[in-house]
Amino acid sequence: PDRIVLKRIVLTGYPFRIHKKRAVVRFMFFNPEDIRWFKPVELFTKLGRSGHIVEPLGTHGYMKCLFDGPIFHHDTVCMYLYKRVYPRLSDA
């Protein structure tokens, strides 16, 4: 095969506390180990801001994030994840 088939999923979370460019995001992850694993992945919001994860907070999946500008409470924080999908081989 000369192509790689990828499946893209979007993880979403919501800002819990906001202070200027920093925000505490919840409901994207549910334990701090997952937050540390996905720390290098870039975040973005539905209103166009981009950012990254700074550190996990506590034990319930809250995380501190830093964005390139102020975000709003009604915004949604998203993260793209890609997974390789192997096509089914036909027996014909």
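Starting from 1, each residue takes its place in the sequence as its number.
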Minimum heavy-atom distance [X]-[Y], with the two atoms named:
{"X": "Ala23", "Y": "Ile18", "result": "CB-CG1, 4.2 Å"}
{"X": "Leu47", "Y": "His74", "result": "CD1-NE2, 3.8 Å"}
{"X": "Pro15", "Y": "Asp75", "result": "CD-O, 3.2 Å"}
{"X": "Lys46", "Y": "Cys78", "result": "CE-SG, 4.0 Å"}
{"X": "Val41", "Y": "Tyr80", "result": "CG1-O, 3.9 Å"}
{"X": "Glu42", "Y": "Ser50", "result": "OE2-CB, 3.4 Å"}

Is it possible for you to say whether [X] and [Y] belong to one hydrophobic cluster, with membership spreading through side-chain heavy-atom contacts below 4.5 Å?
{"X": "Leu57", "Y": "Val54", "result": "no"}
{"X": "Ile9", "Y": "Trp37", "result": "yes"}
{"X": "Tyr82", "Y": "Leu11", "result": "no"}
{"X": "Ile35", "Y": "Phe38", "result": "yes"}
{"X": "Leu81", "Y": "Met28", "result": "yes"}

Residues Tyr14, Thr76; criterion side chain to side chain contact (heavy atoms under 4.5 Å, CB included); working and verdict: CA-CA 5 Å; Tyr14 299 98; Thr76 303; 3.7 Å; yes

Under a 4.5 Å cut-off applied to non-hydrogen side-chain atoms, are [X] and [Y] in contact?
{"X": "Met79", "Y": "Phe29", "value": "yes"}
{"X": "Val25", "Y": "Lys64", "value": "no"}
{"X": "Val85", "Y": "Leu6", "value": "no"}
{"X": "Thr45", "Y": "Phe67", "value": "yes"}

Exam field: side chain Lys7 to backbone Arg84, donor-acceptor pair closer than 3.5 Å: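 Such a contact is absent between Lys7 side chain and Arg84 backbone.
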
Atom pair OG1 (Thr12) and CG (Leu43), whose distance is rounded to the nearest 0.5 Å: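 Result: 11.5 Å between the selected atoms.
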
Ile53 side, atom CD1; Lys39 side, atom NZ - distance, nearest 0.5 Å: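 The NZ atom of Lys39 is 8.5 Å from CD1 of Ile53, to the nearest 0.5 Å.
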
Residue pairs passing the ring pair (Phe, Tyr, Trp, His ring centres under 6.0 Å) test where at least one lies in residues 45-66, sequence neighbours excluded: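 Only Phe16-Tyr62 qualify under ring pair (Phe, Tyr, Trp, His ring centres under 6.0 Å).
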
